[in-house]
Amino acid sequence: MSKPIVNKITPFDAVMDKIFSFSWNGNQSYANRLIIYNADTMDIVYDKKINTFPHTHVLPAGKLSNGKKWIAQFQTFDMDDNASELSDKLYFQTLKTPLFYFYGLENGQTLQSAFYDAQIYYLQENYEDIQSFRFYLYDGTKTLLSESETMYDSTKIRYQYKGLDNHTIYYFRCHGITVNGMEIDTGYIQIYTDYRRPGKYSIIYAENDPLHGYIKYHTNIVVIQYNGNKTFNFENGMIDLHNEGIYYDTGFVIDSDFTLKLRGMYLNQTATILELRNTQYSLTINSYLYEDGTTRFKLTVPNGLGNYILYSDAIAFNSTDMVCIWLRKINDIYQLEVIVDPDYTNTNNIWYGQQMPARPDVYDVWIDAPNLFTYVVNKNDMQTYYSEQEPPNADINDIWN
């Protein structure tokens with residue numbers, strides 16, 4: 001008879017049952033025998049024959065001890081109890097399961113922010129290092145929403161979850177592999193988001209981090225990174241996309257009804273303004289400039305049989321006019337409206353004082369300065385200093401970082 005081949009044995013914790021398996025090309029196997037040796041002394045520590053058709057053998061918990069190396073051999077038996085040759089020896093080791101969990105995060109915890117800086121605590125008593133790891137985000141039904149790239153720096157097992165919707169159940173999870181091939185997993189950690197959505201970006205949240213001795217400040221703004229490495233300059237809350245578009249492939253998920261607002265200048269042209277797509281659905285907004293100087297916007301949504309198409313009214317506007325495109329989807333019915341904002345101004349204001357200004361622009365900034373009446377400072381009348389030392393001749397309206 002030919003001899004079986006022991007399949008790869010990844011490191012495992014000896015306090016748990018372990019399934020050993022083998023490959024076999026001979027007559028139907030009716031039984032198999034597993035022999036395990038101490039790799040240092042070659043003493044047999046386990047030798048048992050079991051009657052089974054599958055090419056597997058369960059080693060009960062506690063038969064081995066952790067932190068050691070072992071050797072495994074298989075032997076098979078046919079229906080007449082004829083034994084095969086012993087397989088070649090295969091070395092393996094047993095290691096205690098490492099501590100691997102989200103530091104400072106408990107199952108069922110409520111998060112008061114649209115993002116979370118996750119950090120993993122890892123400890124293995126035999127100092128086995130991590131080879132790679134990856135973070136995952138799931139919805140309330142444990143359907144995968146996003147995942148990180150594979151990471152390899154075991155000194156920084158951390159990741160920032162972004163774009164978390166308010167009043168929503170999520171699951172965080174991290175899975176890793178040690179240098180010896182042992183799989184480690186935090187399991188599914190349920191979290192619930194409950195944070196305040198400010199009407200303006202004037203509310204700042206403070207979060208104490210006693211472990212590292214500092215306070216983190218954040219606002220309810222979800223930062224979505226685009227797929228690229230070009231640096232764009234923000235002017236009055238906008239960026240110049242004349243020669244290059246921006247492509248987002250992570251962190252931007254619309255999974256139900258929505259209202260979307262696009263604002264931009266120089267839209268009196270023939271071009272593609274917006275494309276949204278995932279593995280199942282997509283939509284496109286295009287602009288068309290006619291000979292009479294008017295511009296019309298077109299929405300195209302593939303529906304499997306053809307395209308759902310919707311046109312806006314043809315309107316005339318100047319290149320520097322701020323054009324607002326409103327797109328709404330409710331129960332698979334779309335609305336498309338285009339207007340020119342007559343009140344747009346390209347000046348951003350900064351307000352100082354105890355009371356939030358009554359009518360700030362969406363791009364304005366209000367700084368809560370005690371003992372000051374609220375007043376506005378034009379951005380052109382203010383200077384920003386970047387230095388470790390306070391500027392000697394700073395005006396009251398200037399900002400020092």
Just checking, is any N or O donor in the side chain of N318 or T320 under 3.5 Å from an acceptor N or O on the other one?
-> no
Using the benzene-type ring in the case of Trp, are the ring centres of F77 and Y30 under 6.0 Å apart?
-> no
Listed once per pair and sorted, the ring-ring contact (aromatic ring centres under 6.0 Å, His included) pairs that draw on residues 310-336, sequence neighbours left out = Y308-Y334
Who are the side chain to side chain contact (heavy atoms under 4.5 Å, CB included) partners of S148, not counting sequence neighbours?
-> R134, F135, M151, Y159
Throw together a table of side-chain donor-acceptor distances under 3.5 angstrom for residues 50-58, partners on residues two or more places apart or in other chains.
| unit_1 | atom_1 | unit_2 | atom_2 | d |
| --- | --- | --- | --- | --- |
| H57 | ND1 | N32 | OD1 | 2.9 |
| H57 | NE2 | Y46 | OH | 3.0 |

Between Q109 and Y192, is any side-chain donor less than 3.5 angstrom from a side-chain acceptor?
-> no
Only one of T300, L310, I273, L276 passes side-chain contact (heavy atoms from CB on, under 4.5 Å) with I285; say which it is.
-> I273
Just checking, is any N or O donor in the side chain of S132 or T150 under 3.5 Å from an acceptor N or O on the other one?
-> no
Nearest heavy-atom neighbours spanning P4 and F74 | CG-O, 3.5 Å
Salt bridge present between D117 and K162 (N-O < 4.0 angstrom) | no
Counterpart residues, salt bridge (Lys or Arg N to Asp or Glu O under 4.0 Å), relative to D47 (two or more places apart) | R33
Quick note, salt bridge (Lys or Arg N to Asp or Glu O under 4.0 Å) partners involving residues 35-44, not counting sequence neighbours, are none
Not counting sequence neighbours, list each pair that qualifies as a side-chain hydrogen bond (donor to acceptor under 3.5 Å, both in side chains) and has a residue in residues 4-20.
-> N7-S21, N7-S23, D13-N66, D13-T97
If you measure only the distance, is there a donor-acceptor pair under 3.5 Å linking the side chains of S2 and N25?
-> no
Report the C-alpha separation of N180 and T178 in whole Å, then their side-chain angles, then the decisive distance to 0.1 Å, and conclude whether the side-chain hydrogen bond (donor to acceptor under 3.5 Å, both in side chains) test is met.
-> CA-CA 5 Å; N180 290 309; T178 67; 5.3 Å; no
Determine whether the aromatic ring centres of Y138 and Y171 lie less than 6.0 Å apart.
-> no
Within a strict 4.5 Å, meaning less than it, do heavy atoms of the Q28 and M79 side chains meet?
-> no
